[in-house]
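Worksheet: one structure, shown below.
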Amino acid sequence: MSDPVLELDHVDAAYGPFRALFDINLRVGAGEAVALVGANGAGKSTIARVASGLLAPTAGAVLVDGTDLTGAPPFRFARAGIAHAPEGRSTFASLTVSENLQLAFRAARPRRDVAADLDEAFTLFPRLGERRDQVAGTLSGGEQRMLALARVLVLRPRLLIADELSLGLAPIVTAEVYRVLTQVRDAGTSLLVVEQHLDHALALAHRVVVLQQGEVTFDGGPDELGELSATVLLPAGAPSRAETAEAAETAETAETAEDPAGGEP
Amino acid sequence: MQLLEYAIRGVPTGCVFALLAVGLVLTYKTSGVFNLAFAGQAYVSAIVYYELRKELELPLVAAGVISILIVAPLIGLLLERVLFRYLRSAGSMAKLVTSLGLLIAIPEIAKLLFGSETRRNPPPLWWVRRTDEWLWPEGATFVLDAGQVATILSTVVVVIGLVVLFRATNLGLRMRAVVESPRLAELSGVDSERVSMAAWMLSSVLAGLAGVLVAPLFASLNPFDLFTLLVAALAATVFGGLTSIPLTFLGGILLGVLQAVLAGTLPTDSVLTNGLRPSLPFVVLFLLLLFRPGLRTTRELTDPLASVDAPPPPPAARARPPWIATSARVFGTVVSLIAVALCWFVLDSYWLGLAISGLVLSVTMMSLIVVVGMGGMLSLCQAALAAIGAFAMAQVVAGTGVPVVLGLVVGVVVAAAIGALLAIPVVRLDGVYLALATLAFALMFQSIFVPLSWVSGGAVPITVPRPVIGPLDLSDDRYFLVFVIVCAVATALVVIRLREGTTGRFLQALQTSDVAAASIGINGPRARVVAFTIAAGIAGFGGGLAAIDLGQASYEASFPYLIGLVWVALLVSAGARSIQAAVLSGLFFFLFPALLDKLFALPGNWVDTNPDAPSWVAGIADAIQPTWAQSVAFILFGIGAITYAKHPEGSIEAQTTASVNAIVRRVEARNDRHRVAAGAGGSAP
Amino acid sequence: MTAPLLSAVGVTKRYAGIVALQNVSLEVGPAEFAAVIGPNGAGKSTLFDCLTGVQRPDRGHVHFDGRPVDGLRPAARARAGMARTFQRIELFGGMSVLDHLLVADRARTRRGGLLTDVFTGSRPSSDELDRCSAVLELLGLQEWAERPAESLTLGRGRLVELARALMCEPKLLFLDEPSSGLDRHETDEMGDALLRVQSERGLAILLIEHDVPLVQRLAERMYVLDYGELIAAGPTDEVLADQKVRVAYLGAST
């Protein structure tokens, strides 16, 4: 088998004192679609962040196409062909819709035809075309999701990491997004999809990885999942070691925690 | 026609405003910092240019290149690397406080490096002295001098260059993206570190250019003249909404023209002219902030990926077990009592006087707790409000002969009333804008009202006697110390009660989520006006006490607005919500420079008393300048504010948390050992 | 039919040339559970903002509890009996769960001003604590009362928001995507909590939600927005069966 596009090798990760991932081994092969499922706080978003360089692992290694990128800044991951649409708001509120897209298209390697890329994005989401000169901060929540998606979909990366794609999207848009994802997959892009809606994820994925409390508890084909599927989405009853990590993950949505110290944790 | 000529005269000044204002906009757009230290950076380049031209007599181009294109960007790079890179995801308040600290520290560092002698007649950045022959037709009454030509040309080039940068280049787009979220920019494949460094270097070049160009406007180089000019230029920045470069340029020109027209048309020695002309930019700034549409609705940009950072630690108060809280309280009381006893029995009048002044200042610091720490409003005019309290008290006491203590009450009421009037329009403004509006108010107060005799008593400050309470004559410093302690404790109790009570909770709710607070029926503007008013009253109280302490209500001695900025930097870095921080920073402000002074005097004293002291000691004694103590103190005050970046809860709070954690860990370890020992003992037969 | 609790007539809102809401009218009766659905950018959140006073509509009127509230700011409308939660969760920093509830209770009863604070201190009274613990119990949050709200999971954070809103003793509760970001288990819990709240407190609820099964489970009546216009209104099952709604919102496959 050829080198996997992404390989997490015995990865631990933490937010400050809160450990979120424990000894994760995960490989995404070329052209493979992997669904990452589990309850809120199981560490799904944390894996996505480690895989795109946003969060440096505290132990273990991250390899992209066989190159060790552990601890490298996220833009090196992006240039290596990893595109990550993070959960929640992930657009520049102060830039217009087309500036948001241009920023990514111009930074992409190899050089691309930005005008054609913009056209493609606006064909994909006509709604964005109508608002191309509007500042992204004034878009509705769902429209911002579309914008974040348009950015990563059009780039046709080696690996696309999509975190909670359907969050806040109307059913009709969710269906459309998954139709596009299927196309992207069939065109040979590897996918790492984090998703609450199991049916969507399972229909798309070649392989399913189940996370519970920061550990991989299942790794196999969607059909092998069986009756596990009912239980994987249940959080642990007692407050667990993942609980605090979960809080760290949700701090994003809470937006109350501001850490002026900034920098890398 | 006459009017037109006046208007044209205003253009060069307008360009000076525009250049400074555009520089601020550039820094704000590319780094998210409303960089008050811009003036400090400008000052350093101006000094370097001065030294190169006048002392080393380098050619103009070489001096210009070194000071503007080499030294300035290196400073920018340094600031980015050691400081602002850690602040990228921080709120605008943290960034503003940091720049305040730099504003205080940078000029003093420059003084240490380059010497503090006066630098007269800064050289212009232009070859020829006069340009009337070729720029202005025969018989004209108006000439442009070299500095003006250079300023106009540079400003136009800079404005066009920046418009192109932001409208048409990839770098401009990247800078705007990195400001909002460096991480999201990285996900788009942008190297945020490099973009951020480039942004700081570019804006620092502009600061250097502005400093060198503007310096010849003044008779001698002085960082505070530069800063006052910068604040004047803020009106143009606000005119451009902090983002639009063309509008900022237009605003600067308009401001210069307006000033020139007023100067030409108003009668020359009316009160209005004398008061209004120098303060016009501050009045315009204040009015613009209140009435420019769109300012109130700007929401601070937040980094959507901020949660990748570790969550902030819980406050010490929550982490600390009750037994530590109790013992800390006992310990604190004992230390305070010992300190008071020391003051009473041991200290000579010099140190006692300083300790009293420090405690008096801590009352004013407590007003900052209410407005900054609890209200989340970075008020930069507490010194002005303190002055108002002092003036009101002094006027009432001098005019009507009421007892001084009653006069204090009048001072509090007047300061609170003016604070309330100021608060009603100002509290609607967001973070940075509120800080600017209060700064504008402080400068308006200084330039319009302080010179008036019905306010300050005119050139000679009004004297204020020490009160006599019953048998105690407070002109004895030791009795006065007790009086001040009583006042400070009473104020502290009020502040603590408010902080822990409903008022404090409402304000805290408003600080973290305005919309959520409104959704449960909290009237935000009203709560903020109340906080601002209380703070103004406390500041007035502190101001009145300061006047009693000094024996006169002197603006120059006690309340210049720059001193007020140092207070803010000090308190916020020590802990904006903590009484302990207020008291310590008040004492620190007076005692620390005095201690340094004594320290720096040691070698000299030793040489004086020991004629056979080694020569190197004498060398050290000679090298030490008398201004060093003040410089070093202010540098440390400024650097203190810079630590705010790492510890937004305040260094005292951070210290407490750290020591509480250490104690808890040690105690637990000991308990564990005991348990192990006990277990071992139990298992033995 | 009884008089509606909330009625909006002809609400219109434009931003920079784009019509966000076009002549939208809706009613919510006392103790009714209604929902607003619609594609992204259809104007649902703008509608909420206009109803709760965060934004002023360009045209149209809002009546609440028998009187016009057009001139009232959000805080005043909250005191008139409207409470809400937020799509992007909005908790108060540095406050425990109990603090959140106490603050809301104080804002409603207006107990404790400056003078009370300074002279008596403002410790929570037993009345206040009783009211808080009743709500905590209703939502199953007792265990977390002393925890800083920011440290809770998103699911519990949303429950805290709901609890805070309930402390205002509202007549009408606005919920903006309460299941957003929650997993299936947490969504079920949220649904249970909402049903419990409505049956015990007898208040009206207006809900924005994308989770169709959840809406079906909760709402009696529903409004559908598309491009700022109301395209359907009526009992939930009828609306969901409507052809126009299927095309605009659900998509053919659902």
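Letters go in sequence order (proteins before strands), and every chain restarts at 1. The structure displayed is predicted, hence computed values, not measured ones.
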Per-residue contact mode, [X] against chain B (heavy atom under 4.5 angstrom):
X	value
C:A76	neither
C:M82	backbone
C:F119	backbone
C:V118	both

Can C:T52 and C:R77 be said to form a side chain to side chain donor-acceptor pair (under 3.5 Å), step by step?
CA-CA 7 Å; C:T52 54; C:R77 292 193 200 198; over 6 Å; no

From C:M190 atom CE to C:L159 atom CG, the distance as rounded to the nearest 0.5 Å
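Reported to 0.5 Å precision, the distance equals 4.5 Å.
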
I'd like to know if C:E186 and C:R158 make a salt bridge, using a cut-off of under 4.0 Å between side-chain N and carboxylate O.
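No, no charged N to carboxylate O under 4.0 Å.
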
Heavy-atom pairs under 4.5 Å with chain B - which of C:A107, C:A83, C:G53 has more of them than the others?
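It is C:A107.
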
Does either side chain, that of B:S519 or that of C:R84, offer a donor lying less than 3.5 Å from an acceptor on the other one?
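Side-chain D/A pair, B:S519 to C:R84: absent.
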
At a heavy-atom separation under 4.5 Å, does B:I496 approach chain C through its side chain, its backbone, both, or neither?
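For B:I496, no heavy atom lies under 4.5 Å from chain C.
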
Side chain from CB out, backbone as N, CA, C, O: work out which of these in B:V495 comes under 4.5 Å of a heavy atom of chain C, or both, or neither.
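Neither part, no heavy atoms under 4.5 Å.
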
Derivation and outcome, side chain to side chain donor-acceptor pair (under 3.5 Å), residues B:Q382 and B:S367
CA-CA 8 Å; B:Q382 293 311 104; B:S367 86; 2.9 Å; yes

Angle class for the C:F92/C:H100 ring planes (parallel below 30°, perpendicular above 60°, tilted otherwise)?
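Ring orientation, 0 to 90° scale: parallel.
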
